[in-house]
Amino acid sequence: GPGRPVPETHGTFRGHDGLELFYATEGEGEPLIFCYGLVCSSLHWTYQIDHFRNSHQAIWFDYRGHHNSRTPDDLSTITIPNFAADLNKLFDHLKIDRATLIGHSMGVSVALEFAHRYPERTKALVLANGTAQRPLETLLYNANLLPGGFELLCRLYEASPRLFAKVWNLQKGNPIARAVVRLAGFNPHLAAREDVERYVSQVEEMDPGIFLQVLRHYQSYDASSWLHTVQAPTLILAGDEDLVTPPFQQRLMHQLIEGSRYLEIRHGSHCPQMDQPDLISAKIESFLSELS
């Protein structure tokens with residue numbers, strides 16, 4: 001499960017198709033919903049949840065197939081639109097009318113999809129280090145290198161899931177894999193080492209079938225055609241040293257979402273909320289206080 005202390009309140013709710021999913025809430029007040037990224041967990045928002053639980057109701061949930069939530073029989077239902085539809089059911093479960101959604105990386109797509117489908121429930125958006133479309137094409141600036149390798153991975157998995165799982169498990173602790181995850185995700189000079197280690201072990205523990213399904217779906221997800229329709233006040237955060245979703249991705253979102261604010265974090269990696277947590281919490285806090 002996610003590397004957090006036992007939250008104040010946690011439990012399960014039924015997703016849009018009845019699947020049992022996990023959620024947690026900490027603190028009281030206006031609701032903030034934290035959406036994490038690909039192969040991540042609430043670990044990625046842990047500092048902000050700790051910060052905002054003193055003034056807000058901080059809420060997070062595990063996507064279908066992730067951590068404490070159930071895995072559906074049909075893995076093809078693990079998609080961003082279904083994450084958003086599940087989140088809508090969590091609003092019902094917690095009797096929330098409107099909330100601010102705070103997304104990181106793939107969680108930006110979850111937050112955007114929710115805002116697109118349920119505008120009346122979306123008070124505001126904080127979108128950190130995300131992209132409107134095709135994230136793999138810019139990963140580590142290796143344009144078109146990764147998508148090809150990714151297709152090969154998918155074909156290998158489909159040919160023999162059991163063999164693939166065996167090879168995947170052999171990769172655990174592989175120093176090259178660990179180095180790539182470190183460099184891709186974090187600023188090695190700023191990130192707490194135990195945070196990086198915990199993230200690496202989460203990547204290694206993920207079921208490869210779920211990982212590939214989410215990655216394949218995320219790669220094809222495209223919000224750019226309707227991004228201009230987003231009405232909620234929006235803060236867009238970018239890291240000037242983000243190698244996973246470089247800042248031009250966030251600048252494009254800023255251009256498409258009318259009235260949005262754009263903030264580029266100096267020395268910001270793909271995970272500035274973990275590398276520079278106090279700064280990011282302060283920036284989010286000033287955005288929220290202006291709204292109210």
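On a predicted model such as this, the values are computed, not experimentally measured, just so you know.
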- Message: Can you tell me how the ring of Y36 sits relative to the ring of Y63, calling it parallel under 30°, perpendicular over 60° and tilted otherwise?
- Response: tilted

- Task: Return yes when atom CD of E28 has more than 12 non-hydrogen atoms of other residues, nucleotides or ligands closer than 6.0 Å, and no otherwise.
- Result: no

- Item | Side-chain heavy atoms of L21 within contact of Y23, under 4.5 Å | no

- Query: Are there more than 12 heavy atoms of other residues, nucleotides or ligands under 6.0 Å from atom CD of E258?
  - Reply: no

- Task: Give the C-alpha distance, both sets of side-chain angles, the deciding distance and a yes or no for side-chain hydrogen bond (donor to acceptor under 3.5 Å, both in side chains) between T245 and D242.
- Result: CA-CA 6 Å; T245 52; D242 185 347; 3.0 Å; yes

- Task: First locate atom NE2 of H217, then atom OG1 of T79, and finally report the distance between them rounded to the nearest 0.5 Å.
- Result: 4.5 Å

- Message: Any donor-acceptor pair under 3.5 Å linking the side-chain atoms of Y262 with those of E264?
- Response: yes

- Walk me through it: do H104 and N129 pass the test side-chain hydrogen bond (donor to acceptor under 3.5 Å, both in side chains)? CA-CA 6 Å; H104 172 251; N129 304 76; 4.5 Å; no

- Item | Residue pair L252, Q255: steps toward the side-chain contact (heavy atoms from CB on, under 4.5 Å) verdict | CA-CA 5 Å; L252 178 66; Q255 286 165 10; 4.2 Å; yes

- Item | No-hydrogen, no-angle side-chain donor-acceptor test under 3.5 Å, Q133 and S224 | yes

- Between H254 and S260, do the side chains contain an N or O donor and an N or O acceptor separated by less than 3.5 Å? yes

- Correct closest heavy-atom pair for I96 and P31 would be CG2-CG, 3.9 Å

- Ionic contact status for D50 with R53, cut-off 4.0 Å: yes

- Indicate yes or no: does D97 engage K123 in a salt bridge with an N to O separation below 4.0 Å. no

- Message: For a quick test of reading the model, state the closest non-hydrogen atom pair linking T229 to H116 and the distance between them.
- Response: OG1-ND1, 4.0 Å

- Query: Do E241 and R266 meet the salt-bridge criterion of a basic N to acidic O distance under 4.0 Å?
  - Reply: no

- Message: According to side chain to side chain contact (heavy atoms under 4.5 Å, CB included), who are the partners of T122, at least two apart in sequence or on a separate chain?
- Response: F114, A115, L125, A232

- Locate the shortest heavy-atom distance separating P72 from G65; write the atom from each residue and the value. CD-N, 4.1 Å

- Residues two or more places apart in sequence or in another chain: which of them pass side-chain hydrogen bond (donor to acceptor under 3.5 Å, both in side chains) with S76? D74

- Item | Exercise: do N82 and H16 side chains pair donor with acceptor under 3.5 Å | yes

- CD1 of I265 to CG of D275, rounded to nearest 0.5 Å, is 11.0 Å

- Message: Please verify the inter-ring angle class for H10 with F22; under 30° counts as parallel, over 60° as perpendicular, anything in between as tilted.
- Response: tilted

- Item | Side-chain H-bond candidate by donor/acceptor type, H66 with S41, under 3.5 Å | no

- Carboxylate-amine/guanidinium contact R64 D17, below 4.0 Å: yes

- Query: Mind checking whether H56 and F52 have parallel, tilted or perpendicular rings, split at 30° and 60°?
  - Reply: perpendicular

